[in-house]
Amino acid sequence: MTGSLNPFIWDRPLDDPSKIIGMDAFANQVALTLKGQTNVALFGPRDTGKTTFTNQLALELAKEHGDDAPPFDVIKINLQRVVSIPGFIGCVHDAMTAHPDRRLRRAAQRQIGALEKEIGFDIKVIKGTVRRAAHAPAQDAEMLHAQLIAMRGLSGHLVVIFDEFQRLRHCPGEPLSIIRSALMSSGANHVSLLFTGSIRNALQMMLESSDQPIFGEAADMQLPEIGRADFLEYLDFQFQATGKPADEGALNYLLNATHAHPRSTQQLAWECWTNTGPGEPVTLATVTHAHDRLVRTIERSEFAAVLNVLMNGEESEVNEVRALQLLADRGGDNVTSRPAAARYGFSSHSRVPTSLARLQRRGLVDQREGVWYVVDPLFNEWLRRASPLADPGAPEFGDGH
């Protein structure tokens, strides 16, 4: 029986184990590292599957890996919007009281209730649901510390995931010191921490600078790329299983166009599936048309908005646009070429690395094995198409690598 629902996910992390691909061995490695009481700092550029991976990791951590590696519970704290200690408190509260596991959720509600009784204050008030008198920063810090202490009591074997951990670098009130005191000291030997981040330099600064409270406290890992063969097999199966078999050329074009970038690949596959009738094949023409539609939507995206702000900013910000365009047009092998820098309007080729570093901090570009690239392949293609300086001889996406 073929499926009538689109098997691909447009723009959210995957939580169905059958749709998470190419990360089994890495999930096992990270799980065993965490169970061995070693904290892990995991880097992966934006939209490359970190949250999907943490969903898979939670499933792996729940497995029995031997007498010395029993199942571990997981609490995931999303720090993406945290700018203050009260905001941090709200995120921890949400992670505890809205946990998907009913057993942990009820235990968290009991812990929170006991904590509120002890401190004589409703933690929900911190989140701004009702008016409250201003607290001194020290009181907020004490409350966060007590909350994290309560959280570590939820399980005898616990992994706490701090997602987008680099956001805390702008949070006043020494949140790293609070984390260290509550979750990395005496009484927390049953707790391991996973710090994820999409801006490598910020994550490294927080964990590898000797003046930071959690200096040297985590093993550094990078989210691996999904193997092309694994992705090809996954796409082939999903199209075939839902009655819309894909041509080999279509599958290869799809992966070449997205550089196997997890989110973009899911989006393009979703678009192809939606525009193919029941029982009809997904062809090369299907994919090229769908890819063209997606690239054109960048015009109304957050990327275009950021680009517009940069273009109207200071010279250093305009240089970021120049660097983006240079990468999209010519690739990231030789970014400090004097002729190329001059062609794109840099006053000196030495300004290119500085601009790329600024873009990296924004999460728009990254480096792999010394080569710079625009993280989102659809944004890259949109930049290239709009550029008057793009190489007209650049090859089209084909069915090769």
Side-chain angles (χ1 to χ4, degrees), residues 39 41-43 46 50-51 54 74-99 108-109 111-154 160-185 188 191 193-209 211-215 217-218 302 305-306 309 358 361-363:
N39 302 323
L42 177 66
F43 170 78
R46 58 183 293 170
K50 289 189 304 302
T51 303
T54 59
V74 175
I75 294 178
K76 186 187 301 184
I77 301 170
N78 184 353
L79 300 171
Q80 191 167 15
R81 299 288 181 259
V82 169
V83 293
S84 67
I85 294 294
F88 194 170
I89 291 170
C91 288
V92 175
H93 180 273
D94 290 347
M96 292 174 68
T97 60
H99 197 284
Q109 289 164 350
Q111 290 275 23
I112 291 291
L115 175 59
E116 289 176 337
K117 188 174 181 180
E118 178 184 339
I119 63 179
F121 200 80
D122 185 346
I123 288 179
K124 290 192 297 296
V125 174
I126 292 285
K127 299 172 63 180
T129 52
V130 297
R131 292 183 179 180
R132 68 175 180 122
H135 265 75
Q139 289 177 290
D140 286 336
E142 288 172 14
M143 193 168 294
L144 175 61
H145 187 270
Q147 191 183 31
L148 293 176
I149 293 286
M151 183 176 65
R152 76 187 194 192
L154 296 184
V160 179
I161 298 175
F162 288 105
D163 200 14
E164 294 297 343
F165 183 67
Q166 80 274 355
R167 302 289 183 184
L168 293 183
R169 76 192 192 281
H170 294 312
C171 178
E174 300 188 15
L176 304 191
S177 295
I178 298 170
I179 290 172
R180 181 182 179 87
S181 175
L183 300 178
M184 304 166 74
S185 60
V191 180
L193 307 180
L194 174 66
F195 309 104
T196 78
S198 57
I199 302 178
R200 179 199 298 275
N201 292 350
L203 197 62
Q204 289 179 327
M205 178 188 75
M206 298 167 76
L207 295 163
E208 298 179 11
S209 298
D211 60 343
Q212 293 295 311
I214 54 175
F215 164 63
E217 293 285 353
E302 60 175 301
V306 169
V309 170
R358 287 170 61 100
R361 289 194 291 273
R362 296 183 191 277

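Predicted model only: the values in this text are computed from it and were never measured. Worth knowing before you read on, the calculation uses all heavy atoms, side chains too, and leaves out hydrogens, waters and symmetry mates.
Counting heavy atoms from C-beta on, the side chains of Cys171 and Ile85 come closer than 4.5 Å. You'll find the side chain of Leu207 stays beyond 4.5 Å of the side chain of Gln212, heavy atoms only. Put simply, the side chain of Ser181 reaches to within 4.5 Å of the side chain of His145, judged on heavy atoms. Put simply, the side chain of Leu148 reaches to within 4.5 Å of the side chain of Leu144, judged on heavy atoms. No side-chain heavy atom of Ile112 sits under 4.5 Å from any side-chain heavy atom of Gln109. For the pair Leu168 and Phe88, the minimum side-chain heavy-atom distance is below 4.5 Å.
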Test side-chain contact (heavy atoms from CB on, under 4.5 Å) applied to Ile179 and Leu193, step by step: CA-CA 10 Å; Ile179 290 172; Leu193 307 180; 4.1 Å; yes
side-chain contact (heavy atoms from CB on, under 4.5 Å) between Gln147 and Met151, intermediate numbers included: CA-CA 6 Å; Gln147 191 183 31; Met151 183 176 65; over 6 Å; no
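Arg361 pairs by the salt bridge (charged side-chain N to carboxylate O under 4.0 Å, His left out) definition with nothing, not counting sequence neighbours. Residues meeting the salt bridge (charged side-chain N to carboxylate O under 4.0 Å, His left out) test with Arg152, sequence neighbours left out: none.
In terms of heavy-atom proximity, Cys91 sits nearest to Val82 at SG-CG2, 3.4 Å. When all heavy atoms of Ala95 and Ile75 are compared, the pair lying nearest together is CB-CG2, 3.9 Å. Closest non-hydrogen pair, Ser177 versus Pro213, comes out as OG-CG, 3.3 Å. Minimum heavy-atom separation, Ile178 to Gly173: CD1-O, 3.7 Å. Nearest heavy-atom pair across Ile161 and Thr196 is CG2-CG2, 4.2 Å.
Phe165 and Phe195 have tilted rings, their planes meeting at an angle from 30° to 60° on a 0 to 90° scale.
Proximity of a side-chain donor or acceptor of Ser84 to a complementary backbone N or O of Gly87 within less than 3.5 Å is detected. Of the possible polar contacts, one joining the Thr54 side chain to the Thr51 backbone as a donor-acceptor pair under 3.5 Å is found. Of the possible donor and acceptor atoms, none in the side chain of His99 sits under 3.5 Å from a partner among the backbone N and O of Lys76. Of the possible donor and acceptor atoms, one in the side chain of Asn39 sits under 3.5 Å from a partner among the backbone N and O of Glu217.
How far CG of Leu154 is from CE of Met96: 4.5 Å, rounded to the nearest 0.5 Å. The line from CD1 of Ile149 to CD of Gln111 is 11.0 Å long, rounded to the nearest 0.5 Å. With values rounded to the nearest 0.5 angstrom, Arg167 atom CZ is found 5.5 Å from Gln80 atom CD.
Looking only at atom types and distance, the side chain of Glu164 has a donor-acceptor partner in the side chain of Gln166 under 3.5 Å away.
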